[in-house]
Novice: 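Have a look at this one before I ask anything.
So you know, we letter chains A, B, ... as the sequences are listed, proteins then strands, and number each from 1. Just so you know, these numbers use all the heavy atoms, side chains as well, and skip hydrogens, waters and symmetry mates.
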Amino acid sequence: MEGSEKYQGEVPAWCPGCGNFAIMRAFKEALTELAIEPENLCIVSGIGQAGKFPHYIRCNTFNGLHGRSLPVATGVKLANHAMPVIAVGGDGDMYGEGGNHLLHAIRRNIGIKLFVHDNQIYGLTKGQASPTSMEGMVTKNQPFGVLSGQFNPMAVAVALDCSFVARGYAGDHDHLKGLIKEAMGHKGFSLVDILQPCVTFNKVNTYEWYSKRVYPVGPEHDPESRTAAFAKALEWGDRIPIGVIYRNNRPSFEERVPVISGSCLVDQVLEGRSLKDKLTATLKEFY
Amino acid sequence: MEGSEKYQGEVPAWCPGCGNFAIMRAFKEALTELAIEPENLCIVSGIGQAGKFPHYIRCNTFNGLHGRSLPVATGVKLANHAMPVIAVGGDGDMYGEGGNHLLHAIRRNIGIKLFVHDNQIYGLTKGQASPTSMEGMVTKNQPFGVLSGQFNPMAVAVALDCSFVARGYAGDHDHLKGLIKEAMGHKGFSLVDILQPCVTFNKVNTYEWYSKRVYPVGPEHDPESRTAAFAKALEWGDRIPIGVIYRNNRPSFEERVPVISGSCLVDQVLEGRSLKDKLTATLKEFY
Amino acid sequence: MDYTIKIGGQAGQGIQTIGDVLAKVFSRSGYHVFTDQDYESRVRGGHNFYRIRLSDTHVYAPRASVDILAAFDRESIADYGKELAGSGIIVYDSSMLGERYEGPQMLDVPFTALAAESGAGRIAANTVAIGAILGMLGFPLEPLFDILKDGLKRKDNETLENNRKAAGAGYEYSVQNCTRCEFEALSAGEPKMLVGGNEAIGFGAVAAGCKFYAAYPMTPSTGIMLFVAGKAKDYGIIVEQAEDEIAAINMALGASFAGVPSMTGTSGGGFALMTEGLSLAAMTETPIVVALAQRPGPATGLPTRTEQGDLMMVLHAGHGEFPRVIFAPGDPGQAVRLTAKAFNMALKYQIPAFVLTDQYLADTRWTLDSIQIEGLTVPNYRAGNERLDTMEQYKRHAFTPDGVSLFGMPGKTRHLVVTDSDEHNEAGHLIEDSLTRKKMVEKRLFLKLEDIRKEIGPPILLGHGSPDTVLISWGSTYGVVREAMEAMPAGKKVAMLHFSELYPLPGNERLDYLALLRGAGRTVCVENNATGQFAGLMRTECGHEVSDSVLRYDGRPFMVEELVEELRGRI
Amino acid sequence: MDYTIKIGGQAGQGIQTIGDVLAKVFSRSGYHVFTDQDYESRVRGGHNFYRIRLSDTHVYAPRASVDILAAFDRESIADYGKELAGSGIIVYDSSMLGERYEGPQMLDVPFTALAAESGAGRIAANTVAIGAILGMLGFPLEPLFDILKDGLKRKDNETLENNRKAAGAGYEYSVQNCTRCEFEALSAGEPKMLVGGNEAIGFGAVAAGCKFYAAYPMTPSTGIMLFVAGKAKDYGIIVEQAEDEIAAINMALGASFAGVPSMTGTSGGGFALMTEGLSLAAMTETPIVVALAQRPGPATGLPTRTEQGDLMMVLHAGHGEFPRVIFAPGDPGQAVRLTAKAFNMALKYQIPAFVLTDQYLADTRWTLDSIQIEGLTVPNYRAGNERLDTMEQYKRHAFTPDGVSLFGMPGKTRHLVVTDSDEHNEAGHLIEDSLTRKKMVEKRLFLKLEDIRKEIGPPILLGHGSPDTVLISWGSTYGVVREAMEAMPAGKKVAMLHFSELYPLPGNERLDYLALLRGAGRTVCVENNATGQFAGLMRTECGHEVSDSVLRYDGRPFMVEELVEELRGRI
Ligand SMILES: Cc1ncc(C[n+]2csc(CCOP(=O)(O)OP(=O)(O)O)c2C)c(N)n1
Ligand SMILES: Cc1ncc(C[n+]2csc(CCOP(=O)(O)OP(=O)(O)O)c2C)c(N)n1
Ligand code: SF4
Ligand code: SF4
Ligand SMILES: [Mg+2]
Ligand SMILES: [Mg+2]
């Protein structure tokens, strides 16, 4: 797409055919259409194939630890809430190692846009099961097949009253681009779980497998109804809904922190006289 | 109750009037009625007022780290699945520090019975907000009031297809005792969130506050329906349901691990000849 | 004049409030005050004490010998009675304890009855007790009235008046009945500040410009967060209680990356969880200050007790090799200064900096004459957009002669700010080649360390000019070692070296302490741990082998008398 | 005879399979083989190599000089061409690389075309390449056919036959066309085992009776979990992939508490997350074995490269003070033995024990003549119910002369097994008093450490009997230092000390290495890190100051030639 060249980053180290390429393309186009300049955008990521994402998109980047992108992104957002902050990671990153942060980022409703590249496998570490791997999937590390229930990020997010909950699919470019734009436009915490074929390690959930099953939720679905959303979120199997599952209007965390109601924290540097006067007053309290 | 003296442990260090005493009494009575002998029971706990619980009940005890009782309990259960294993902790312990383990213990459906003493506050560290503290609650550490959404353990557990999800109330002895027994009898992972007044630090959610609101779910509620359970789980405010919110029959983790289908891991010690023969065979694979 | 007042009772009886009020009376009256606390890991019950030492000259540590024991439970009398000085008095309320004690040292004051009579109700029994103690000491009551007024600000005049009456009643009662009380209150100086260890760290942070504090509650560090939270509005600071310690340090790193000075605080167990994040700070060269208040481990250990057991952990925490700075203040004054300095070092060198204390120091309060604000404020090391925007290109991790790259703020310049937990090139993008790797190690580690070393202040040297014996202390043992040194027999040539800036160890340029140590026949390291961790650090870092260690590892701090005795046997 | 074959190409091209098959051909043929690998943190593409050294005598390390370079991409030729020995040959397929290279050292073999012709399809190009390499060496093809047969077990005879043809075609082609090939295959001994670093740890664990392995995948440790998972069914072991490393160590502790020998494995970053759990192991005296495969840090660092940068972290990880044992094997044989010994130490003393390796060792494969099973099995230290049931009372943490209390299994006796992360009494219940605290510290730390020390084996001493120069190595540098030492000029009196049981440092009873070090004019410590961590450990623990360090910290292992050169300059 014209205009998207400015997001051109490093050369991706993904496998040829990896679903991440499609996601990246949709992403760049969405950014282009939203007219977000690279230098005004910050992407925080974890470790995994998906975690390399911000290196391949020109933007401010904090590529942190496996599983820890949400707290870092929270810090960034609180320090400079005028800047769009995106978190990107894999299913292992966000639902495995980083599961606790997901719960609490949603509770805060901090205005981070989270995109999970959900390939239902640990890609970078070469094919172990992830929380979203389907029951029974056999890997070298799960010789008896996956015994745990499959993690359902949509249902959990709805249960947490997450303010924007959606599922995309790497194989449906236009739909995905639309979702990304919608998520970016939403105030508060947004979770977009993106089904992403891993052509190397996930031989179950392939392009073909997904393509046969995914369908866009239609207008009959009311994403503002929490119970309807929950029912929709439970769909998985022969038919897998993509689109906005749930949405609400909870005030965002950054709106609610009184300290930054006037201006961004990073712009509130106290120096010289004003700092000294305050300190002198504080010292009095010690008497 | 007669027979419950054998569970008499150390002298509790809780505040007089603390809801934990009521929970303990219900607990001992439930154990008595279930005829579980102290030496056949193992309780794993974290750190907090609730974490001290197993010291006050005679039983095998692993009082571990803040937030980490579920993984410890998982290890215990996998090593000796014939032994009833209980995990106990506070709302901070289980939903804050330990949130990730809760997600994944539920996914595994490991046969641990989890009792959360939910006082909606950090008791032992003297009154900071917990994940279940209600929005707006002011504490020394939350001078602007709690800004995050209240964690709803019932809804999240239903979203995770937890195999037994219930809420109890320290102030309703018979009901609570019944729930504990039911949870203990359930195969698979059981979560019982117990509303527990903290008379010292939580001045909002008091005995009076809870007593006015709680009501036992009636027979009209179908705990086997996941969507009905979700709707019930969302109730909080003027009316708070107690009782079994959700229940299913997922096979437990320990049933599904082939290695222990015959006998407990702890009884499968390989020694002498049989070990040596196996090792010799394995060595051949290196050629 | 050097009196110790010990207030003993159960948690929930309000002995901390009594102690705080009394200490404030004394500090406002211009005395030198030192307080410490001992409590169990529970909220009600158990057995606690609050100890106040007051004097007309400097005091730096607790003494075991008690002059006034205020007993709010029987255990206090049973456990602490033996600590009573020859002229000491035990004050208590026989109706409260359900027992009358006989003996010349016992003063039975009906706290509860007098409170009820005063009109303030039984709840004012503690106020009666405070009045009674002041009466025993022969102190004026006015400072107390002022404090009661401050404390009751929002309450009505009647309550205040009743409380005054209660205090007065206790005062009168003891003045009349304590015939053996022979304390004399020497005249004192100007009002002094009374500052606790945690408050001091909090103040140092605020003064240094801390804008973001994320932490998870953990005794004994929670007080730092509470202090900063109390100042959040006034100074414009975000204080966020994270879901766990891992989140806490990562949030602080995110905020720091975005451009604001950030901090976290915890105790050993919480810090153990942060160590991966510490390594992240190092790799991304993101400044961070970590306050670590030690308590006895391993694991949960003794949550409300004290130990200096985590020095080695802090020194080596985090995988991989990277520089760090560790400060361990010996008193609240040092805590203020070194916390601010920690911010300075962290921001200037883009490294993690530690303030290492312990429960003992965190829960002590000391009088200070003043705190100099000037030395505390920290320059703005961030590269503003004006500066960056004029540059043709910007690389977050550019190689420079001193290893420090310009710290750009994302979203505040036309350039991109890119960093990575993987090994990266100057631009912050991940690399695999060995050459870049090597240069980056040298940049982060060797180049910076050289300059950092130069900024480390020398140890504090006190005592004899050319000593035979040098006592070595670090962190919170400063006060007790100082008092013990001063109490050594006159003929002995004893000095002490206190290390509060302890990693990297200071050079010998400003104070040739190595020569001093070599010159002394005996060097004794006093540590509140079992393995002599600082002695080990000295051995590794400067090759000095201490001749002797005095170690305490039962979760309690050293007492002056105990240390004096211990040292007398060895010197 | 000492040849090095290097196979270079992109991830996904199958160079690892080629290397594995070739190595197996050689080891089965009775040669001594050493392989190592170099790869990027990606799944496809990038630039990797697999290196095989084979010889008729022992080989312990990689040599940079290459005899046969099999190039599957152009970078291989560009990057490794310069490493080619004088008589070396580069074998490649010009159609695959899209380029023909001229020169006497180039051998263009049409891998793909020959594969297509063979009937096995283009997919068999790698088989052709293997055949070609064997042809260049003048090796027989039969061992390869056996291996192909094993590998294709479940496939049909036709595929096997086609693959044989493919290999044969490559073989013939190079025999005919490689006129400059003058390798000579000396006759070798009996078939040997070929064992990798991770497999060796896995085997040692299984042999020691490991019943529970919980971990979270992390390069370069994942191979251990995969090995054990592969044996789970046969040996009755539960292998659980935890949700994170914190869960992993806590699960292992739970299983261990319940009575089964347990283990976890990870790399530096994952271990950082486990450190709180480590401290828990110590406080509850729950045995655990932790395998830590190091990679370059800080933070994510270089995930697929090597470094010995985490020794100090492992030594001091976890808050509070407690004993631990650290073993750092130098080769797979040591890895087997020391992993089993780690179980023995952990279970006997109820402490955490470490097996510390790194990516280099994890990804190397070595030939071994045999593995003695006898020394590996570990006695059952758990107190069975028969024994406990006859006791009147049982206390999990009872004080004993050697600090070790009976390890009862919960649910397996009429007694209760109680433990606590808080400081506790003998019965395992939490306490607050100082006396019990002190005794417990002494029990856990001092008493045990004394016996533990006695079990630590001496370093391996090789080389000259009364050396002028002693080379010091630890962990994975064993092999390269050994080869370098053997290559030192004849006149020099050089010895080497290899430490694989390194904490606590061995005593001097069995081998007076301190005297040896003191006697030598020069002691040189060779480490794969930037700060000389083991040299620091020696300074702290036994006061020996090494005179020189050779450090490499670019994420790559030492090469024999490089180290020889480096040492020549210093000796
Ligand atoms: C603390 C820690 N544990 C483990 C790892 C190793 N690791 C790197 S990526 C990864 C999982 C990758 O899976 P996922 O998050 O789903 O990302 P993907 O590669 O599939 O995109 C793991 C376990 C790590 N880097 N850090
Ligand atoms: C890793 C770690 N972080 C923090 C603490 C301090 N801590 C002890 S109990 C507790 C919270 C208590 O709240 P909750 O879990 O709700 O239990 P309660 O006391 O209310 O029963 C905290 C934060 C700790 N022990 N360990
Ligand atoms: S391994 Fe899978 S997820 Fe990773 S780059 Fe390759 S195809 Fe994509
Ligand atoms: S603080 Fe609250 S929860 Fe803790 S013991 Fe007291 S009343 Fe119970
Ligand atoms: Mg994935
Ligand atoms: Mg609580």
Side-chain angles (χ1 to χ4, degrees), chain C residues 40-41 46 246 267-273 275-276 278-280 282-284 294 296-303 305 307 309-310 312-313 315-322 420-423 430 432 434-435 437-438 441-442 444-446 529-531 533 536 539-540 543 545 553-556, chain D residues 40-41 46 246 267-273 275-276 278-280 282-284 294 296-303 305 307 309-310 312-313 315-322 420-423 430 432 434-435 437-438 441-442 444-446 529-531 533 536 539-540 543 545 553-556:
Chain C
E40 300 186 1
S41 181
I246 302 173
S267 182
F271 179 68
L273 291 165
T275 56
E276 195 199 11
L278 186 75
S279 190
L280 175 65
M283 188 52 129
T284 58
Q294 299 162 101
T300 311
L302 290 169
R305 311 290 172 178
E307 190 164 277
D310 296 338
M312 281 298 125
M313 169 177 69
L315 186 58
H316 297 292
H319 51 301
E321 302 175 287
F322 53 88
D420 193 351
S421 72
D422 289 87
E423 190 58 277
L430 42 80
E432 292 271 2
S434 60
L435 270 179
R437 162 69 184 175
K438 187 155 178 280
V441 172
E442 286 157 2
R444 282 191 302 263
L445 186 59
F446 299 147
N529 60 41
T531 56
Q533 299 191 15
R539 192 155 58 234
T540 322
E545 183 81 45
Y553 48 88
D554 61 355
R556 305 323 196 253
Chain D
E40 299 187 3
S41 180
I246 302 174
S267 182
F271 179 68
L273 291 165
T275 56
E276 195 199 10
L278 187 75
S279 190
L280 175 65
M283 187 53 128
T284 58
Q294 299 162 101
T300 310
L302 290 170
R305 310 291 172 174
E307 190 164 277
D310 295 338
M312 283 295 125
M313 169 176 72
L315 185 58
H316 297 292
H319 52 301
E321 300 175 288
F322 53 88
D420 193 352
S421 71
D422 289 87
E423 190 57 278
L430 42 81
E432 292 272 1
S434 59
L435 269 180
R437 162 71 183 175
K438 189 156 178 278
V441 172
E442 286 157 2
R444 281 191 301 265
L445 186 58
F446 299 147
N529 61 41
T531 58
Q533 299 192 14
R539 191 154 60 235
T540 323
E545 183 79 47
Y553 48 87
D554 62 353
R556 308 311 198 264

Novice: Hey, which of C/A317, C/G555, C/P303, C/P296 has the most heavy atom pairs under 4.5 Å with chain D?
Specialist: C/P296
Novice: So, for D/L280 and C/A299, which heavy atoms are closest and what is the spacing to 0.1 Å?
Specialist: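 Of all heavy-atom pairs spanning D/L280 and C/A299, the closest is CA-CB, 3.8 Å.
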Novice: Can you say whether D/F271 sits under 4.5 Å from chain C via the side chain, the backbone, both, or neither, judging by heavy atoms?
Specialist: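 Contact with chain C: none, neither part.
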Novice: Looking at C/E432, C/R539, C/R305, which one has more heavy-atom pairs under 4.5 Å with chain D than the rest?
Specialist: C/E432
Novice: Is it the backbone or the side chain of D/A530 that comes under 4.5 Å from a heavy atom of chain C, or both, or neither?
Specialist: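 Contact with chain C: backbone and side chain both.
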Novice: Applying side-chain contact (heavy atoms from CB on, under 4.5 Å) to C/E307 and D/R437, what does each step give before you reach the verdict?
Specialist: CA-CA 12 Å; C/E307 190 164 277; D/R437 162 71 183 175; 2.7 Å; yes
Novice: Among C/A282, C/G269, C/G309, C/G543, who wins on heavy-atom pairs under 4.5 Å with chain D?
Specialist: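 When all of C/A282, C/G269, C/G309, C/G543 are compared, C/G269 has the most.
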Novice: Look only at the side chain of C/D422 and the backbone of D/L302, and say whether a donor-acceptor pair between them is shorter than 3.5 Å.
Specialist: no
Novice: Which answer fits D/Y553, side chain, backbone, both or neither, if we ask what part of it has an atom under 4.5 Å from a heavy atom of chain C?
Specialist: both
Novice: Before you tell me yes or no, could you show the steps for C/L430 and D/T300 under side-chain contact (heavy atoms from CB on, under 4.5 Å), namely the whole-Å CA-CA distance, both residues' side-chain angles and the distance that decides it to 0.1 Å?
Specialist: CA-CA 10 Å; C/L430 42 80; D/T300 310; over 6 Å; no
Novice: In sequence, state the C-alpha distance, the side-chain angles, and the governing distance for C/Q294 and D/H319, and then conclude on side-chain contact (heavy atoms from CB on, under 4.5 Å).
Specialist: CA-CA 9 Å; C/Q294 299 162 101; D/H319 52 301; over 6 Å; no
Novice: Among D/D310, D/T284, D/I246, single out the residue with the greatest number of heavy-atom pairs under 4.5 Å to chain C.
Specialist: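 Among the listed options, the one with the most contacts to chain C is D/D310.
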Novice: Can you tell me which portion of D/S267 sits under 4.5 Å from chain C's heavy atoms? Options are side chain, backbone, both or neither.
Specialist: neither
Novice: Tell me, side chain or backbone of D/D420 under 4.5 Å from chain C's heavy atoms, or both, or neither?
Specialist: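 For D/D420, there is no contact with chain C at all, as no heavy atom is under 4.5 Å.
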Novice: Answer with side chain, backbone, both or neither: which region of D/L273 has an atom nearer than 4.5 Å to a non-hydrogen atom of chain C?
Specialist: both
Novice: Quick one: pull up OG1 in C/T531 and CZ in D/F446 and give me the separation to the nearest 0.5 Å.
Specialist: 7.0 Å
Novice: Report yes if some heavy atom in the side chain of C/S279 is under 4.5 Å from a heavy atom in the side chain of D/M313; otherwise report no.
Specialist: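 No, their side chains stay 4.5 Å or more apart.
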Novice: Considering only heavy atoms and a distance below 4.5 Å, find which of C/G536, C/S434, C/G320 pairs most often with chain D.
Specialist: C/S434
Novice: Hey, is the main chain of C/A272 close enough, under 3.5 Å, to the side chain of D/T275 for a donor-acceptor pair?
Specialist: yes
Novice: Measuring from atom CD of D/E321 to atom CE of C/M312, what distance do you get when rounded to the nearest 0.5 angstrom?
Specialist: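 So the gap between those two atoms works out to 10.0 Å.
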